[in-house]
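Some notes on the structure that comes next.
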Amino acid sequence: MDNMRNKELADMFNAIGDALEFKGENPFKIIAYRKAARVLSDMTEDIESIHQRGKLREIPGIGEGIAKKIDEYLRTGKMKKYEEAKRDIPEGLLELLSIQSVGPKTLALAHKNLGVKSLSDFKKVASDGSLAKLPGMGNKKVENILKGMERFEVSKERISLGDAIPLVQSIVEKLNRLKGVKDVSPAGSLRRFKETVGDIDILVTGTEGSKIIDYFTKLPEVGQILAKGETKGSVVMRTGQQVDVRVLSEDSYGAALQYFTGSKAHNIKLRHMARERGLKISEYGVFKGSKKIAGRIEEEVYRTLNLPWIPAELREDRGEIETAIDGKLPQLVKYEEIKGDLHVHSKYSDGSATVEELAIEAKRLGYEYIAICDHSKSVKYAGGLSEDRLLEEIEEIDRINAKLKGITVLKGTEVDILQNGKLDYPNSLLSKLDIVVAAIHTSFKKDCNKRMMSAMENPYVKVIAHPTGRLISSREGYVIDINEVIGYAAKTNTALEINAYYDRLDLNDVNSRKAKDLGVKLSIGTDAHHKHQLWMMKLGVGVARRGWLEKKDLLNTLSVTKLRNL
DNA sequence: GCCGTTTTCGGCCCGACTGTTTTCAGTCG
């Protein structure tokens with residue numbers, strides 16, 4: 001619920017952009033609207049407060065025209081330009097732009113000449129030959145559009161990071177085994193650890209491109225081949241994800257990696273800077289006139305602009321380039337600096353592994369500790385522990401700690417924050433634990449701010465778990481003012497969790513950064529319910545890095561002793 | 001529509017591929 005106006009305005013400007021594109025307006029005008037939309041949704045500050053201070057024009061990407069429209073909307077609740085854009089175009093038509101090989105020109109052509117208003121109209125004119133007869137169209141184009149429609153109907157969802165990473169790992173391993181392959185690296189939003197990814201991009205250096213592409217397109221998990229050449233192969237996996245592999249020469253590997261990692265906004269800004277210096281950046285290198293001056297590694301590309309290398313997770317055009325110019329980039333936390341997982345479930349509640357199995361797996365992962373935080377008694381559907389059961393678990397943890405060397409099991413709980421704001425266990429019990437994580441699991445619309453704040457006032461509560469409650473694939477989350485929660489966490493010195501479970505990633509990148517800026521510590525927990533889910537720590541670290549977090553901002557980098565004495 | 005140590009007007013990020021063309025438009029990443 002945070003910054004709602006920003007989101008509304010961003011959606012409106014994106015819609016205007018789509019409409020103008022459909023109408024064939026000046027492309028740069030369209031870019032301007034989309035840029036304004038992106039800036040608004042990336043902003044941590046509420047647009048209303050900026051508006052009240054009269055500082056709209058100071059936001060980069062917001063000029064006279066768009067500032068006026070924002071003002072109009074915030075004052076009257078309406079925006080004429082937006083109403084106009086919506087009025088002229090049939091509902092749902094612009095969604096068809098997501099069909100592969102269909103862009104604004106093709107769609108406008110079909111709409112004007114053949115009256116296409118929906119997917120079924122569009123399919124009909126594609127199949128009966130009338131679309132192919134239009135000027136500039138032809139049989140091959142229409143064939144591609146029909147293929148695109150098939151894919152459009154199956155799924156247009158972005159892939160979750162938790163599904164994409166294992167898939168990419170297995171492809172990377174297979175490519176690495178092939179003779180003639182030197183480097184293999186994922187690029188794109190996956191490398192930036194964005195919470196969902198569109199298509200998966202993998203870059204390869206090696207000789208004999210066509211052999212590499214041939215091998216890739218014949219992998220057993222490939223369902224359909226979209227394109228196949230000497231430098232690029234594009235496929236749809238049986239599981240539905242699109243994967244592109246590109247083969248490059250070593251002397252342009254860095255430039256290509258930089259280019260294909262994105263984000264688009266980050267790259268546009270870099271190319272803008274290059275232009276000012278009389279340079280040109282492409283996926284093949286940095287050029288001064290026709291002379292190539294960089295391209296082997298990413299560092300070279302950044303160096304030509306007098307910039308330090310910028311970690312992929314920061315490349316969103318959220319101030320990282322300006323900060324790099326000032327030489328003030330954060331020392332992002334590294335996965336190797338994480339000493340343990342601070343939120344894991346065992347068989348005692350709804351997990352599938354025993355405490356000992358989890359401890360052994362944690363040790364194998366190189367951790368110093370793992371915190372077992374099973375559910376508390378009121379959470380019946382998740383096998384919440386009665387007070388006696390928790391005491392038994394505490395005793396078992398003591399026995400395991402005595403037995404196992406090289407790993408410490410921390411006694412914890414994910415104690416429920418009840419409807420009335422009270423905790424599900426008495427303080428006398430909480431005092432026996434190493435770490436108390438508190439969370440809301442019921443009544444998402446009832447007094448969530450008040451309940452969380454009252455939990456933070458409890459001296460034993462060290463962490464608030466999944467503070468917004470959202471599920472990426474399916475749920476909005478609590479009705480909550482996250483800014484107030486973050487502010488109160490700062491005041492009470494309570495840490496907020498970055499829940500690393502792939503469908504949560506909660507807090508997200510932007511809110512984690514906000515928390516850090518207010519001096520709040522963060523705690524990464526996988527919320528794993530199986531021992532094979534502990535790897536998702538990597539996703540949590542990805543979110544932390546996207547949130548500009550450093551080692552000192554996280555509880556997971558503290559020693560066991562310091563954690564216990566929090 | 002935005003923006004300015006070359007500009008308040010005239011630019012605006014770059015290249016490949018494909019299919020339709022006979023020199024280029026549209027789409028994509």
Side-chain angles (χ1 to χ4, degrees), chain A residues 13-14 16-17 19-22 24-39 56-70 81 85 96-110 131-145 147-148 151 187-190 197-203 226-234 242-248 252 255-287 295 301 305 317 321:
Chain A
F13 288 137
N14 272 325
I16 294 173
L20 295 184
E21 187 171 42
F22 179 73
E25 273 265 15
N26 177 357
F28 297 108
K29 201 186 267 194
I30 297 156
I31 290 171
Y33 275 110
R34 292 194 174 140
K35 178 166 187 196
R38 193 183 56 77
V39 169
L56 287 179
R57 292 290 305 275
E58 287 177 20
I59 304 167
I62 310 269
E64 196 186 340
I66 290 183
K68 260 192 192 153
K69 292 180 180 76
I70 294 175
K81 183 86 179 176
L96 303 180
L97 288 174
S98 318
I99 299 170
Q100 254 171 17
S101 5
V102 176
K105 304 288 181 205
T106 309
L107 189 61
L109 192 72
L131 184 61
K133 288 202 189 84
L134 295 181
M137 299 301 290
N139 287 331
K140 285 203 172 174
K141 271 197 175 176
V142 173
E143 257 173 53
N144 285 334
I145 291 172
K147 266 191 217 156
R151 229 173 110 49
S189 48
L190 181 112
V197 303
D199 299 340
I200 294 170
D201 281 309
I202 299 176
L203 305 187
L226 296 175
K228 178 180 170 179
E230 291 192 358
T231 61
K232 184 185 160 180
S234 185
Q242 182 172 334
V243 182
D244 295 349
V245 165
R246 289 160 213 277
V247 183
L248 301 145
S252 56
L257 189 57
Q258 199 288 317
Y259 178 84
F260 285 109
T261 296
S263 67
K264 200 173 174 186
H266 175 90
N267 286 355
I268 287 174
K269 191 161 265 183
L270 288 189
R271 268 175 255 154
H272 198 78
M273 287 174 68
R275 174 176 271 271
E276 283 170 357
R277 288 155 201 257
L279 304 175
K280 192 186 63 170
I281 302 180
S282 76
E283 61 260 53
Y284 297 103
V286 182
F287 296 86
V301 175
L305 301 175
D317 188 23
I321 294 175

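So you know, we letter chains A, B, ... as the sequences are listed, proteins then strands, and number each from 1. Quick caveat: nothing in here was measured; it's all calculated off a predicted structure. Side chains are part of it too, since the values below use all heavy atoms of this structure and drop only hydrogens, waters and symmetry mates.
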Atom CG of A/L131 to atom C1' of B/dG19: distance rounded to whole Å? 14 Å
Considering just the side-chain nitrogens and oxygens of A/K69, establish if one lies under 4.0 Å of OP1 or OP2 belonging to B/dG1. yes
Could you check how far CD of A/E230 sits from P of B/dA16, rounded to whole Å? 15 Å
Glycosidic class, syn or anti, of B/dT7 using a 90° window around 0: syn
With respect to the side chain of A/F28, which nucleotide from B/dG15, B/dG1, B/dC2 is positioned closest? B/dG1
Shortest side-chain distance from A/Y259, nucleotide among B/dG1, B/dC14, B/dT27: B/dC14
Is any N or O donor-acceptor pair between the side chain of A/D201 and the base of B/dG29 shorter than 3.5 Å? no
Report yes if a side-chain nitrogen or oxygen of A/T106 is closer than 4.0 Å to either non-bridging phosphate oxygen (OP1 or OP2) of B/dT27; otherwise report no. yes
Specify the residue among A/A227 and A/K280 whose closest nucleotide of DNA chain B lies further upstream toward the 5′ end. A/K280
Taking the side chain of A/R275 as its heavy atoms from C-beta onward, which of B/dG15, B/dT27, B/dC14 lies nearest to it? B/dC14
Taking pairing as Watson-Crick or G-U wobble with both contacts under 3.5 Å, can you name the mate of B/dT8, or confirm there isn't one? none
Looking at every strand, decide which applies to A/K140 at a 4.0 Å heavy-atom threshold: base, sugar-phosphate, or nothing. sugar-phosphate
Base B/dG15 paired with A/Y284 side chain (donor-acceptor, <3.5 Å): no
A/N144 side chain N/O closer than 4.0 Å to the phosphate oxygens (OP1, OP2) of B/dT18? no
Could you tell me the separation between the CG atom of A/L248 and the C1' atom of B/dG15, rounded to a whole number of Å? 14 Å
What is the distance, rounded to the nearest whole Å, between atom CD1 of A/I30 and atom P of B/dC2? 14 Å
Pair A/E283, A/S252: side-chain N/O donor-acceptor within cut-off below 3.5 Å: no
Most 5' of A/T231 and A/S101 on DNA chain B, judged by nearest nucleotide: A/T231
Pick base, sugar-phosphate or nothing for A/I99, based on heavy-atom distances below 4.0 Å to the nucleic acid. sugar-phosphate
Give the rounded distance in Å between these two atoms: CZ of A/F260 and P of B/dC14. 16 Å
Rounded to whole angstrom units, what separation is found between the CZ atom of A/R38 and the C1' atom of B/dG1? 16 Å
